Student: 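Take this structure, written in structure tokens, and hold onto it; I'll ask about it next.
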Amino acid sequence: MSDTAALQRQLRIKTGVVQRLQKESKVYIEETSQLEARLAKLTAENADEWDLKNAGKMVDESKKMILDASTRLGKAVEDLQGLVTSTKEESALPADDEALVKAEEVIKEGTTTA
């Protein structure tokens, strides 16, 4: 496998990781809002203490997952940015290469999400 092909492969892999983590973060955010709504409903209905406590734990766990996913997303964006920068500086890969352009687009999206 040539050096150019290896770089394109790495760009596609790291781009995919960032995209997956962006989706994961969005899912956790949606899940947290649903769980918070459920907790508010249980509180308004004066549900059992166990139900309230369990719903609260689920909200807390979901918030922890948001933090974890956003941390991993930040690291993945940083890693992809480093690869893009080094690819532009050191390789013969053209600036309009599909994998490189896609990676730059995903970086822009990832920095707004992270």
Side-chain angles (χ1 to χ4, degrees):
M1 183 159 53
S2 72
D3 202 29
T4 302
L7 277 173
Q8 288 174 325
R9 183 172 186 268
Q10 284 298 311
L11 283 168
R12 283 193 300 273
I13 290 170
K14 291 181 188 294
T15 299
V17 168
V18 171
Q19 288 175 319
R20 180 182 51 81
L21 289 171
Q22 287 171 334
K23 289 178 185 177
E24 189 175 316
S25 291
K26 288 177 186 175
V27 167
Y28 285 130
I29 290 169
E30 290 172 6
E31 179 182 280
T32 301
S33 65
Q34 290 171 354
L35 291 172
E36 286 174 336
R38 182 173 179 266
L39 177 61
K41 181 182 174 191
L42 289 173
T43 303
E45 293 174 351
N46 293 325
D48 290 341
E49 183 179 333
W50 183 88
D51 289 334
L52 290 172
K53 187 176 179 181
N54 191 40
K57 285 181 182 179
M58 290 173 67
V59 168
D60 291 342
E61 187 66 30
S62 190
K63 286 180 180 180
K64 288 178 186 176
M65 292 307 297
I66 291 173
L67 180 61
D68 178 58
S70 66
T71 302
R72 289 185 291 134
L73 176 59
K75 289 178 183 176
V77 167
E78 197 174 290
D79 193 28
L80 180 59
Q81 180 64 52
L83 181 62
V84 167
T85 302
S86 68
T87 299
K88 284 182 173 181
E89 293 173 356
E90 301 169 7
S91 80
L93 204 61
D96 64 342
D97 181 76
E98 183 180 333
L100 188 59
V101 171
K102 178 77 170 173
E104 290 175 328
E105 290 172 2
V106 169
I107 289 171
K108 289 177 186 172
E109 293 171 16
T111 53
T112 59
T113 307

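Quantities reported herein were computed from a predicted structural model and do not represent experimental measurements.
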Student: With a 4.0 Å cut-off, would you call Glu24 and Arg20 a salt bridge?
Tutor: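 Salt bridge between Glu24 and Arg20, a charged N being under 4.0 Å from a carboxylate O: yes.
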Student: Indicate the atoms forming the closest heavy-atom contact of Leu73 with Val18, along with that distance.
Tutor: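 Closest approach of Leu73 to Val18: CD1-O, 3.7 Å.
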Student: Can you hop from Leu52 to Met58 via hydrophobic side chains spaced under 4.5 Å?
Tutor: yes
Student: Distance from Glu89 atom CD to Thr87 atom OG1, nearest 0.5 Å?
Tutor: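 Answer rounded to 0.5 Å: 9.5 Å.
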Student: Is there a donor-acceptor pair closer than 3.5 Å between any side-chain N or O of Asp48 and the backbone N or O of Trp50?
Tutor: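 Judged by distance alone, no pair lies under 3.5 Å.
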Student: For Arg12 versus Ala99, what's the shortest heavy-atom pair and its separation?
Tutor: CG-CB, 4.1 Å
Student: Enter the distance from Ser86:OG to Leu7:CG here, rounded to the nearest 0.5 Å.
Tutor: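 Ser86 OG to Leu7 CG: 7.0 Å, rounded to 0.5 Å.
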Student: Can you find a heavy atom in the side chain of Leu83 that is under 4.5 Å from one in the side chain of Asp79?
Tutor: no
Student: To the closest 0.5 Å, what do you measure between CD1 (Ile13) and CG (Leu80)?
Tutor: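 Reported value, rounded in 0.5 Å steps: 11.5 Å.
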Student: Can you give me the closest heavy-atom contact between Leu21 and Ala76, atom names plus distance?
Tutor: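 That would be CD1-CB, 3.8 Å.
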Student: Using a distance-only test with no angle check, is there a side-chain donor-acceptor pair under 3.5 angstrom linking Gln81 and Thr85?
Tutor: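 A donor-acceptor contact under 3.5 Å links the two side chains.
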Student: How long is the gap from CD on Glu61 to OG1 on Thr32, to the nearest 0.5 Å?
Tutor: 10.0 Å
Student: Quick one: does Leu11's side chain get under 4.5 Å of Lys102's, heavy atoms only?
Tutor: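 Heavy-atom side-chain distance check fails, nothing below 4.5 Å.
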Student: Can you tell whether the side chains of Lys64 and Asp60 come within less than 4.0 Å, N to carboxylate O?
Tutor: no
Student: Closest heavy-atom contact between Ser62 and Tyr28?
Tutor: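 Heavy atoms only, the tightest pair is OG-O, 3.7 Å.
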Student: Would you compute the distance between atom OG1 of Thr43 and atom CZ of Arg38 and round it to the nearest 0.5 angstrom?
Tutor: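 Separation between the atoms: 10.5 Å.
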Student: To the nearest 0.5 Å, what is the distance between CG (Leu39) and CG (Asp51)?
Tutor: 10.5 Å
Student: What heavy-atom pair brings Ala69 and Ser25 nearest, and what distance separates the two atoms?
Tutor: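 Ala69 and Ser25 have their closest heavy atoms at CB-OG, 3.6 Å.
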Student: Take atom CD of Glu78 as the centre, draw a 6.0 Å sphere, and report whether it contains more than 12 heavy atoms from other residues, nucleotides or ligands.
Tutor: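 Open: at most 12 neighbouring heavy atoms sit under 6.0 Å from CD of Glu78.
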